Amino acid sequence: MQTLEVKPADGGPAKWAVSVTGLTREYVTRNFFGGASKKTWALSGVDFQVAPGELFGLIGPNGAGKTTTIKILTTLLTPTGGEAKVFGLDVKKDLYEIRRRIGIVFGGERGLYNRVSAVDNLRYFSDLYGVDPSVARKRIPELLEVVGLADRAGEKVEKYSRGMKQRLHIAKALVHDPELIFLDEPTIGLDPAGARDIRNMVTELKRQGKTILLTTHYMFEAEELCQRIAVISKGKIVALDTPSELKNLVRDVSVIELRTYGATNEYVEALKTLPEVGRVTADLDSEVQDIRIQTPLGADLLSKVVAALPPGAKMIDRTIKEPTLEDAYLRLVEE
Amino acid sequence: MKSTEAGTGRSLSAGSRLQMAYRVFKGAFFFGRKGLVIWDSWEMWVMQIFITPIAQMGFFAFLSVYLRYPLSETQFIVIGNALQAMSFSAVFAVANITSQDKWQGTLPSTMVTPANRVALFIGRAWFQVLLSALIAAAGLLYAATIFGVSFANADYLGIAAVVMLTAIAMTTFGLLISAVGLYMRTALIVANVFLFVTLLLSGVNFPVSVLPGWLQPVSWAIPLTYGTEAVREAIAGTSLLGLLPLLGWEALDALLVMVAGYAVFAGFESLARRTGRFEEY
Amino acid sequence: MVTMDEVTPGKMTEGYLAKRVQVLKASAFLTSKLFFADPQWLIPNIIAPFIFTLVAFFLFQGQTSGPDFLLYLVLGSGLMGMWGTTIYASANSIGFDRWNGTMESTLAAPMPLSWIALGRVLFNTLQGVLTAVFILVIGLAWFRTGFAIVNPPAFLLASVATFLSLSFFGLLMTTVLLLSRKGGFITNSMEIPVYIATGTMFPVILLPIVYLPFSFLLAPTWGIDAIRLAALPGYVGLPTTYWEDIAIMVVETVAYMALAFFLFRRVEAYAKRIGTLEEY
Ligand SMILES: Nc1ncnc2c1ncn2[C@@H]1O[C@H](COP(=O)(O)OP(=O)(O)OP(=O)(O)O)[C@@H](O)[C@H]1O
Ligand SMILES: [Mg+2]
């Protein structure tokens, strides 16, 4: 996966599609009598930037603050403190300018008028966004074609499956041809094929040069799509990097599994002395031996492991388990 | 053992059926109160107990004054509306609980429970009965204080009996309407129209005898019709004993309404199961 | 199969007013679609006021006679129908989005919520006019009375002005209902007091003096008086003339409009502060 070149020094904030500094947000839940009863810090100091054309991922446990971040960036929620800019515009001041240039996809079934057709929904939203009607007349059927709903466009949305609704959500977010698209858990509750369709659309949008900020709970999805990922936990960003760099954080969890014939206790002890080897466990009681070596080096260590084998002993099988994004994620959010 | 009883729907003894119904009732009883807490607040109490009854009584009282009705007729109207004011809480609010169930999508989850339906719905409506009685009592209080209706000869025991019985009977009617409402997108519409229907048919503003003959049987199907007549008699001085025949008819009517409500509800459930659509109606 | 590249590029409507008219039209159109997708709302809008008319009819019967009184009654019922629709419809204009789950998408649009709501309210008030006409026609047919209007152009003008005034009152109500979680109860308890205060069925002069300021602040009070002045021969209502009625109504309606637009900005700011208007 390519690494994105971001050069904050030569650009300045206006060059960023999204720029967030020290962002905080507190929710006050009111009780029955209207008094303030409970306060939650949903965000406590978040910083990140998204470059134009970048596909940026936001991952984190339930309640981490992903949706809150997206709501602030889409001008639906005012920040309590800090600064959030979209295209260099302040989310608190330049609402309409920002709104015209962004599209929002919320996951789940809400957000559509179920009693009318897909076309009616798109026409309505394109009018709300002020799309020139003559352009909208062409765009809407084309978009429905792109998301694969053209043949059911006249049907009431309540008859749609979850996957179809989600594709309609995407078309809805695109009616006004936004430069930046926010997707909050776009594949939630979809079957594997439906989720793949959505991912393909996201890739396609990225290829077109759109900037995309996406949240997801599926690690492989984040890894497959995103150029950079921010891991957010309890309202704070705990890591922000490319997927491969994030995985590097947990290199020590890569494991070499050996199956040998004729390995001895001395061999196992010798393995423990090799550089950058963590825990080594072995089962030497049977005719073939299973040995597990924890090491950040992964495959690089293998030649040394083979060379250390005592004479007469043989390597029957070996597997190298590389760390996954999930390993990195779990370590980051559990810390 | 207990869990499999509920889970498999194996035939139960009468005793354990009753026990289960009681448990459901208890659960729903608290739900009924909780449901109210969710959409209630002090403003709403003010509206239900003060604004709506007084406004409605005032509207028709002023209209009768404008039309130069004699005082006795205006008082007839005021008393009728005082009792009718309970319909909002008895019918509309009861229907509201069911329709909220539908909007929030909790209807299917309610329907899949093996809970005894009668217990479930009665459990939910208990609070409405008390509230309805309270509103009617408040209405009568306004009749005496604001609208100058004389209670000098009134039989208070009789009034209390009429108010209580009518509250129960009208809440039953509310349950029937919310059962009918299950077939539609919202029960509230039916309930709302019904509020107006009682103004026309239940002897609230003019005696039932004024209505065309073919409409009169419909009037007597609504429990409130017995109530308005009985409460006027009680205020005029008829004793509880003298009211008994009228109250007897009202009770019988309420019973029939309850049976009808149950049938409508059971019908809906089987229809919904056949078509698989709980939410669409 | 069309790919994303082949989709016609977006282009925005230019002009302050053009954009707003576009939103107004879209919102009214969607509301009508939603209405026809579920015409059960016809029931409260038409049947309920009609039953009210019948109740009033039985009360009028015997006490009065003559076509003028029937016309008075039927006009009053029609206006009540319009009022009822306006009150309910404003509760449902943006409130509908709240329980339909489209509040967020609506708020996210680059257009003030007030214009979106106004589109809804306009359609709904129009529906109220149809209700009024319907009641009028049924009422006239039922009671077999003629519909001889003293001054048809004046009647039409007063009706249109009342329609607009009700729309903006509805818009004002929408803001109140968006800020309050008790929408249903507010609308239900407002209905009759407003019928009383605006003199739909009997002159407001009959009311206790403390009620009158409230009455006079409701623009439709003047509209109803103007409509009756234009329609009924020898009608005695408020001590104002037809044109005075119209003038007061216009002034008050403009005030509603200003207040509604102001409150809508507050509503939007409030929604952003608390994070949502979806749940309450
Ligand atoms: N409207 C609200 N009022 C009060 N608290 C809220 C509100 N919305 C969110 N919160 C709280 O703010 C915190 C962050 O919520 P947020 O929705 O941003 O999380 P999230 O990362 O999107 O979670 P999920 O993965 O479950 O979608 C949570 O503790 C949540 O309970
Ligand atoms: Mg979320």
Side-chain angles (χ1 to χ4, degrees), chain B residues 38-48 50-70 73 77 81 88 92-93 96 99-100 103-104 146 181 184-186 188-201 204-207 210-212 215, chain C residues 37-64 69 72-73 76 80 84 88 98-101 180-197 199-208 211 279-280:
Chain B
I38 292 168
W39 39 261
D40 276 22
S41 63
W42 63 267
E43 294 103 316
M44 190 237 133
W45 287 92
V46 170
M47 283 167 195
Q48 279 207 47
F50 296 99
I51 300 179
T52 312
I54 294 176
Q56 186 185 324
M57 291 161 80
F59 181 88
F60 287 105
F62 279 125
L63 185 54
S64 74
V65 168
Y66 172 58
L67 295 173
R68 299 194 195 85
Y69 271 99
E73 291 291 325
I77 288 172
N81 280 288
F88 180 79
F92 189 81
N96 198 8
S99 84
Q100 283 202 340
W103 286 353
Q104 289 164 0
I146 303 176
M184 308 191 175
R185 288 241 193 219
T186 158
L188 294 185
I189 293 171
V190 187
N192 204 297
V193 169
F194 181 75
L195 293 183
F196 290 98
V197 171
T198 56
L199 286 178
L200 181 67
L201 297 183
V204 173
N205 289 301
F206 40 81
V210 171
L211 295 168
L215 258 179
Chain C
D38 186 14
Q40 287 190 53
W41 290 107
L42 275 175
I43 300 173
N45 291 350
I46 291 183
I47 298 186
F50 185 65
I51 295 172
F52 223 102
T53 312
L54 286 179
V55 174
F57 169 72
F58 281 110
L59 285 171
F60 272 70
Q61 204 183 35
Q63 290 306 107
T64 58
F69 257 109
Y72 180 94
L73 160 70
M80 268 174 26
Y88 274 94
R98 180 139 75 178
W99 68 259
N100 188 50
S180 161
R181 64 168 92 179
K182 297 114 198 161
F185 288 99
I186 295 180
T187 47
N188 269 295
S189 58
M190 272 206 56
E191 204 171 342
I192 298 174
V194 142
Y195 292 162
I196 297 177
T200 49
M201 278 291 170
F202 47 84
V204 294
I205 299 300
L206 279 182
L207 299 175
Y211 219 82
E279 60 223 38
Y280 41 99

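By convention in this document, chain letters (A, B, ...) are assigned in the order of the sequence lines, proteins followed by strands, and residues within each chain are numbered from 1. Bear in mind the structure is a predicted one, so any value in this text is a computation, not a measurement. Quick note: numbers below take in every heavy atom, side chains included, and nothing from hydrogens, waters or symmetry partners.
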Chemist: Sort B:V197 into side chain, backbone, both or neither according to what part of it lies under 4.5 angstrom from a heavy atom of chain C.
Modeler: both
Chemist: Under a 4.5 Å heavy-atom cut-off, does chain C meet the side chain of B:I77, its backbone, both or neither?
Modeler: side chain
Chemist: On a heavy-atom basis, which atom in C:I196 and which in B:G58 lie closest, and how many Å separate them?
Modeler: CD1-C, 4.3 Å
Chemist: Chain C heavy atoms under 4.5 Å from B:F60: which part of the residue, side chain, backbone, both or neither?
Modeler: side chain
Chemist: Check each atom of B:F62 against the heavy atoms of chain C and say whether the ones under 4.5 Å are side chain, backbone, both or neither.
Modeler: both
Chemist: Tell me, do B:L67 and C:F202 make a side-chain contact under 4.5 Å, heavy atoms counted?
Modeler: no
Chemist: Could you tell me the separation between the CD1 atom of C:I51 and the CZ atom of B:F194, rounded to the nearest 0.5 Å?
Modeler: 10.5 Å
Chemist: Over all heavy atoms of both residues, which pair between C:V55 and B:F206 is shortest? Give the atoms and the distance, please.
Modeler: O-CE2, 3.7 Å
Chemist: Less than 4.5 Å apart, side chain to side chain, heavy atoms only: is that true for B:L63 and C:F60?
Modeler: yes
Chemist: With heavy-atom distances below 4.5 Å as the criterion, would you say the side chains of C:P193 and B:I51 are in contact?
Modeler: yes
Chemist: Are any side-chain N or O atoms of B:Y66 and backbone N or O atoms of C:M201, one a donor and one an acceptor, separated by less than 3.5 Å?
Modeler: no
